[in-house]
Protein chains: 4
Amino acid sequence: MSSKVEKNKRQKENSLYDAAYNLFTTKGINDTAISDIVKNAGVGKGTFYLYFKDKYDILDRIILKKSSEVLCQAIAETKSKDFKAFEDELLYFIDYIIEYFKKDRLMLKLIYKNLSWGVLKKASKDYEEIREIYTMFEKGYANTSLPKEDIEKILFLIMELTGSISYSSIILKEPTDIDEMKPILFNTIRKII
Amino acid sequence: MSSKVEKNKRQKENSLYDAAYNLFTTKGINDTAISDIVKNAGVGKGTFYLYFKDKYDILDRIILKKSSEVLCQAIAETKSKDFKAFEDELLYFIDYIIEYFKKDRLMLKLIYKNLSWGVLKKASKDYEEIREIYTMFEKGYANTSLPKEDIEKILFLIMELTGSISYSSIILKEPTDIDEMKPILFNTIRKII
Amino acid sequence: MSSKVEKNKRQKENSLYDAAYNLFTTKGINDTAISDIVKNAGVGKGTFYLYFKDKYDILDRIILKKSSEVLCQAIAETKSKDFKAFEDELLYFIDYIIEYFKKDRLMLKLIYKNLSWGVLKKASKDYEEIREIYTMFEKGYANTSLPKEDIEKILFLIMELTGSISYSSIILKEPTDIDEMKPILFNTIRKII
Amino acid sequence: MSSKVEKNKRQKENSLYDAAYNLFTTKGINDTAISDIVKNAGVGKGTFYLYFKDKYDILDRIILKKSSEVLCQAIAETKSKDFKAFEDELLYFIDYIIEYFKKDRLMLKLIYKNLSWGVLKKASKDYEEIREIYTMFEKGYANTSLPKEDIEKILFLIMELTGSISYSSIILKEPTDIDEMKPILFNTIRKII
DNA sequence: TATGAATGAGAATTCATTCAT
DNA sequence: GATGAATGAATTCTCATTCAT
């Protein structure tokens with residue numbers, strides 16, 4: 001296949017991704033029809049089915065893509081800082097994620113209700129950076145006697161807590177604004193590790 | 001209005017609640033149509049609209065009802081035990097909730113992603129028991145200098161953490177089974193308070 | 001039946017008339033449901049069927065009532081002026097009707113599309129005043145040799161023309177405003193008689 | 001787009017027009033459902049919404065189409081006769097319309113109460129023939145000092161009168177049959193011009 | 001590959017009418 | 001007479017999916 005054709009295909013697929021993401025975040029998943037997506041993407045209706053099975057197929061892929069993006073960016077940024085203390089490193093990582101969500105509330109809204117940390121772990125085949133989160137965390141626990149599985153569980157627990165608190169305080173403003181929750185959350189994480 | 005008519009109305013409304021709950025938990029929300037609900041409830045289609053605005057109206061009310069039920073039962077049971085230590089009391093309360101969810105996974109699946117602790121707080125007007133959760137928690141912190149708001153935030157955080165971990169480990173088995181997560185979760189809560 | 005009960009019945013019927021008239025003129029006939037009418041009238045749904053067969057039954061009666069009212073008022077007012085010339089008398093009568101419609105556009109909109117002069121004639125059993133329109137017109141033609149039927153046809157024609165022009169110029173502003181159409185219309189009527 | 005597809009589209013649209021027209025005239029507008037239309041047209045239900053917004057959209061377009069057809073035919077026929085006198089020409093034109101309505105009462109019934117001369121004028125962009133009615137009329141008034149607007153108003157008035165009388169005498173037989181009304185109507189028009 | 005016209009199953013919603021109280 | 005809860009047929013409208021071009 002000529003690379004021109006290949007490029008054109010990639011282009012169509014991407015415009016479908018973009019259109020779907022925009023519609024899912026602004027109108028909601030239920031209120032977005034495939035005909036909306038193809039209209040916004042500027043492609044024919046049949047074309048959608050060449051790339052995706054249905055609405056939930058493209059949704060799943062978008063969620064994976066977007067949440068990986070956040071995590072990759074967060075881990076890359078954290079690693080570049082060369083923290084001495086593990087606690088500082090972890091909190092910087094968590095804070096980066098929260099600040100990201102604060103700037104892109106629509107994305108948080110879309111991915112939170114549809115993402116589980118477990119799904120991401122499966123995706124870690126494709127994203128080396130996600131494995132690095134584990135590495136960072138395990139290194140932080142290097143001189144403890146905790147079994148590796150327990151360390152992973154603690155990481156899992158912290159990630160779930162972060163996601164949960166981010167969602168409720170950023171999206172629902174419950175029980176209060178994220179900036180007021182952060183000290184409590186960070187303090188809690190410090191106690192946990 | 002005669003009490004016979006009144007009783008009949010209550011009956012219809014309840015059979016709609018029950019039918020909707022069963023369908024939502026077994027078939028899922030998206031795959032449940034109003035016509036399914038009325039068919040299962042044994043009432044006419046128009047009757048649905050006499051009591052509810054649409055599918056999401058009945059869903060919201062079910063979620064509120066069911067989640068209040070869990071919490072009310074949990075707090076009642078906890079109070080009846082007359083714990084001496086606050087830590088024991090809180091962990092018993094949390095454990096009760098988790099065990100409830102273990103027995104009724106479908107309910108957990110339905111309510112978790114659609115419920116926020118904030119919504120419940122608003123409902124606490126109608127449910128005295130929910131206010132008692134706060135009372136219990138505040139009593140536990142009685143001899144600290146923490147401001148009342150911070151105590152509430154910590155409670156909120158623990159509730160979100162519990163819900164989040166319950167959902168992922170009971171429903172998704174991620175990162176592992178709930179029984180393996182419990183020690184870590186309880187240990188974490190102990191550290192937090 | 002005691003007159004108190006009788007009065008109460010009349011009251012309910014009247015509030016149904018009023019409610020229906022208000023809804024028909026503001027929301028339109030198609031968009032007015034019987035449940036709207038009874039709600040606005042403050043009576044039970046079953047009550048409607050004690051007085052009217054269906055929506056079109058009450059509509060027909062309202063149209064007859066309202067259009068008779070206009071005509072009765074117009075003829076009474078005209079007679080009270082004691083015109084010498086028939087032309088002046090007829091034009092005053094027509095003008096009175098037009099001015100009435102100008103002040104109550106909603107009513108014109110409701111009755112025009114649903115009323116025919118013929119329907120009114122049938123109603124003239126109940127409304128002596130409507131017969132007087134004929135009398136006035138025939139008197140005006142007293143010293144001509146025209147057969148009575150032709151005189152009636154001319155009156156009919158003038159009434160249809162008036163209604164038609166009122167509707168288009170007052171409601172649709174077509175071809176122009178009623179005040180600009182009046183001179184042409186009056187001039188035309190003068191030529192006709 | 002291939003002309004085959006284009007032709008097929010036109011065909012579907014036309015069968016919808018035809019089916020809707022037949023149902024509107026025979027069953028009435030209120031008693032015609034979209035599902036009746038598509039069934040009679042032999043197309044899928046969704047196809048209707050590909051071409052029309054709703055029942056009133058197709059109705060409006062039908063009315064415009066049909067009323068333009070009558071007028072176009074009437075003016076074409078009139079022009080072909082090469083009348084010397086304007087009065088003869090106008091009356092022939094009016095008579096043609098009336099005879100048309102006599103033969104197609106259902107059409108008259110459908111379009112009259114839903115059509116205004118004003119709507120037609122707007123459509124005259126698409127129908128050159130409608131503009132020719134104005135031309136004919138203005139030519140007839142060529143050697144008078146009447147302003148152009150007044151001439152148009154008189155034409156409007158004559159058209160409204162014709163429509164109104166046609167409707168009541170052909171459809172309602174009020175006050176009498178159209179053939180008995182014609183002499184009076186023609187006489188009146190003669191007086192008006 | 002890409003298209004978009006066509007489909008029809010199925011979802012939500014309305015509403016006239018009945019009838020037990 | 002008066003009520004209003006209950007009904008379910010009827011209607012509108014949507015939308016995922018197909019397939020001929």
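Quick caveat: nothing in here was measured; it's all calculated off a predicted structure. Sequence lines set the chain letters: A, B, ... in the order given, protein chains first and strands last, and positions in each chain run from 1.
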Centroid-centroid under 6.0 Å between Tyr17(A) and Phe52(A) rings: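 Yes, ring centres under 6.0 Å apart.
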Any Thr47(B) side-chain nitrogen or oxygen under 4.0 Å from OP1 or OP2 of dA6(F):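 No.
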Side-chain N,O (Lys12(A)) to OP1/OP2 (dT3(E)) below 4.0 Å: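 Yes, because at least one side-chain N or O of Lys12(A) sits under 4.0 Å from OP1 or OP2 of dT3(E).
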More than 12 heavy atoms of other groups within 6.0 Å of Lys109(C) NZ: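 Incorrect, the count does not exceed 12.
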Neighbours of DNA chain E within residues 20-44 of chain D, by heavy-atom distance under 4.0 Å: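 The answer is Val43(D), Gly44(D).
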5' priority, DNA chain F, between Lys45(A) and Asn8(C) [closest heavy atom]: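 Result of the comparison: Asn8(C).
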Whichever of Tyr51(C) and Tyr49(D) has its nearest DNA chain F nucleotide further upstream toward 5':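 Residue closer to the 5' terminus by nearest nucleotide: Tyr51(C).
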Set of salt bridge (charged side-chain N to carboxylate O under 4.0 Å, His left out) partners for Asp36(A), sequence neighbours left out: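 For Asp36(A), the residues satisfying salt bridge (charged side-chain N to carboxylate O under 4.0 Å, His left out) (neighbours in sequence not counted) are Lys27(A).
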Asn8(D) side chain vs Lys4(D) backbone, donor-acceptor pair below 3.5 Å: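 No, because the side chain of Asn8(D) does not come within donor-acceptor range (under 3.5 Å) of the backbone of Lys4(D).
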Integer-rounded Å distance: dG10(E) P and Lys55(B) NZ: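 It is 15 Å, rounded to the nearest whole Å.
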Interatomic distance where CG belongs to Asp54(C) and P belongs to dT18(E) [whole Å]: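 Distance, rounded to whole Å: 11 Å.
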First of Gly46(C) and Gly46(D) reached from the 5' end of DNA chain E, by closest nucleotide: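 It is Gly46(D) whose nearest nucleotide is closer to the 5' end.
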Range-with-range stems for DNA chain F, at least three Watson-Crick or G-U pairs under 3.5 Å: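 Stem list for DNA chain F: E:2-21 with F:2-21.
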